[in-house]
Amino acid sequence: MDCKKTGIFIKKLRTEKGMTQRDIAEKMNISPKTVSKWETGAGSPDISLLRELSEILGVNIKEILKGDADINDREEGNMKKTKFYVCTECGNIITSANIADIYCCGKKLENLQSKKAEDSDHDFNIEFSDGEYYVTMNHEMTKSHYISFVIYITSDKMQFIKLYPEQEIHLRFKKQGHGYFYVYCVNDGFFHKYI
Ligand SMILES: [Zn+2]
Ligand SMILES: [Zn+2]
């Protein structure tokens with residue numbers, strides 16, 4: 001375990017949740033100084049505290065130890081596991097809480113598999129200001145090749161913005177905590193980013 005990395009991660013998660021070190025300390029019955037020590041990497045959370053800490057921060061223990069969110073290792077059964085389906089015939093967009101047999105225009109739809117945006121040529125920017133995430137992307141918006149929707153999804157909420165050709169990709173989402181942003185390109189598919 002890399003104390004510095006874990007510390008930075010804890011701080012990031014805490015501030016994203018709008019919590020102070022004191023808030024965490026009070027929830028866990030420890031001193032704010034202890035939380036401060038973790039965050040600066042001067043100490044690491046005792047094993048016995050990891051489960052509670054991970055629950056407060058909304059990640060799993062492994063992620064805290066690693067100091068990084070692991071998209072493939074999310075275990076909780078929540079909205080973040082939502083499946084998305086797009087009908088290429090009519091443009092219909094369907095979401096489902098679980099894998100399901102979904103048909104549209106006489107065809108069975110495959111559940112969209114997303115690629116990591118950072119590792120693709122469909123990366124996008126997420127900036128935070130005034131309680132909102134501001135999403136921008138450099139991508140053509142022509143009738144034959146455009147981003148058709150952007151989704152921000154956390155464990156209990158989903159925000160969905162539909163886009164059309166000729167529109168600009170300048171989108172605002174109200175901050176609701178940890179989760180994923182997805183963009184869907186009609187030609188190139190589905191891309192995600194963890195926030
Ligand atoms: Zn259809
Ligand atoms: Zn594209």
Side-chain angles (χ1 to χ4, degrees), residues 9 12-13 15-18 58-60 63 66 68-195:
F9 187 55
K12 179 173 170 265
L13 296 171
T15 50
E16 278 175 4
K17 287 202 172 294
V59 292
N60 63 44
E63 288 169 298
K66 216 168 60 153
D68 204 359
D70 191 343
I71 188 158
N72 297 317
D73 258 345
R74 317 287 314 173
E75 286 154 7
E76 68 266 71
N78 61 32
M79 277 196 80
K80 283 184 227 165
K81 286 188 168 175
T82 302
K83 310 282 180 277
F84 300 95
Y85 303 80
V86 172
C87 175
T88 49
E89 295 293 318
C90 70
N92 201 357
I93 301 158
I94 299 153
T95 64
S96 154
N98 273 306
I99 295 276
D101 282 340
I102 292 178
Y103 291 83
C104 192
C105 298
K107 272 199 319 196
K108 184 166 191 273
L109 306 184
E110 291 300 325
N111 127 248
L112 295 179
Q113 301 293 325
S114 64
K115 293 177 217 112
K116 205 170 178 174
E118 286 99 324
D119 301 340
S120 75
D121 56 354
H122 278 64
D123 199 7
F124 51 99
N125 302 309
I126 305 169
E127 278 168 53
F128 180 69
S129 76
D130 289 337
E132 287 182 318
Y133 284 119
Y134 184 50
V135 174
T136 54
M137 184 175 184
N138 254 330
H139 188 285
E140 68 178 271
M141 290 294 279
T142 59
K143 277 202 178 77
S144 58
H145 189 187
Y146 66 100
I147 300 299
S148 87
F149 60 88
V150 180
I151 287 168
Y152 170 32
I153 191 163
T154 56
S155 52
D156 61 346
K157 279 193 204 83
M158 179 164 79
Q159 294 175 52
F160 179 99
I161 298 181
K162 181 80 185 84
L163 289 166
Y164 298 94
E166 311 308 334
Q167 272 189 324
E168 275 192 83
I169 312 171
H170 286 174
L171 309 168
R172 289 186 183 283
F173 293 85
K174 202 169 172 306
K175 184 182 174 174
Q176 60 189 45
H178 255 311
Y180 300 103
F181 276 90
Y182 290 102
V183 304
Y184 181 73
C185 168
V186 294
N187 279 7
D188 306 303
F190 211 32
F191 301 87
H192 70 254
K193 212 165 199 174
Y194 186 70
I195 196 106

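Heavy atoms only: backbone and side chains are in, while hydrogens, waters and symmetry mates are out.
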Ring centres under 6.0 Å, that's the criterion: do F181 and F173 meet it?
yes
Which heavy-atom pair separates H139 from H122 by the least distance, and what is that distance?
NE2-NE2, 3.0 Å
Look up atom CD1 in I153 and atom NZ in K81, then write down how far apart they are to the nearest 0.5 Å.
12.5 Å
Distance-only, no hydrogens or angles: does the Q159 side chain make a donor-acceptor pair with backbone N or O of K174 under 3.5 Å?
yes
Can you find a heavy atom in the side chain of T95 that is under 4.5 Å from one in the side chain of F160?
no
Specify whether H178 and Y194 have parallel, tilted or perpendicular ring planes, treating 30° as the upper limit for parallel and 60° as the lower limit for perpendicular.
parallel
Any non-hydrogen side-chain atom of L163 less than 4.5 Å from a side-chain atom of L171?
yes
For M158 and F84, the nearest pair of non-hydrogen atoms, with its separation, is SD-CE2, 3.9 Å
Got more than 12 heavy atoms from elsewhere within 6.0 Å of NZ, K108?
yes
Which atom names give the shortest non-hydrogen contact between S144 and N187, and what distance separates them?
O-OD1, 3.0 Å
Decide if atom CG of N138 counts as having more than 12 heavy atoms of other residues, nucleotides or ligands within a radius under 6.0 Å.
no
Mark yes or no for whether Y152, through its side chain, and Q176, through its backbone, hold a donor-acceptor pair below 3.5 Å.
yes
If we only count heavy atoms from C-beta on, is the F9 to E63 side-chain gap below 4.5 Å?
yes
Say whether, by atom type as modelled, one donor and one acceptor occur between the side chain of K107 and the main chain of C87 under 3.5 angstrom.
no
So F124 and I169, do their side chains get closer than 4.5 Å, heavy atoms only?
no
For F149 against V86, the heavy-atom pair lying closest together
CE2-CG2, 3.7 Å
With a 4.5 Å heavy-atom cut-off, do Q113 and F190 have their side chains touching?
no
Where do K162 and I93 come nearest, in terms of heavy atoms and distance?
CD-CD1, 4.1 Å
4.5 Å side-chain heavy-atom contact, M141 and I147:
yes
Enter the distance from R172:CZ to T136:OG1 here, rounded to the nearest 0.5 Å.
10.5 Å
Restricting to non-hydrogen atoms, name the atom on I102 and the atom on S96 that form the minimum distance, rounded to 0.1 Å.
CD1-CB, 4.1 Å
For the pair Y180 and H192, name the ring-plane relationship: parallel under 30°, tilted 30 to 60°, perpendicular over 60°.
perpendicular
Could you state the interatomic distance from NZ (K83) to CD (E110), rounded to the nearest 0.5 Å?
13.5 Å
Flag this pair as yes if the NZ/CZ of K193 is under 6.0 angstrom from the six-membered ring centre of F191 and inside a 45 degree cone about the axis; otherwise no.
no
State the OG1-CG distance between T82 and N111, to the nearest 0.5 angstrom.
10.5 Å
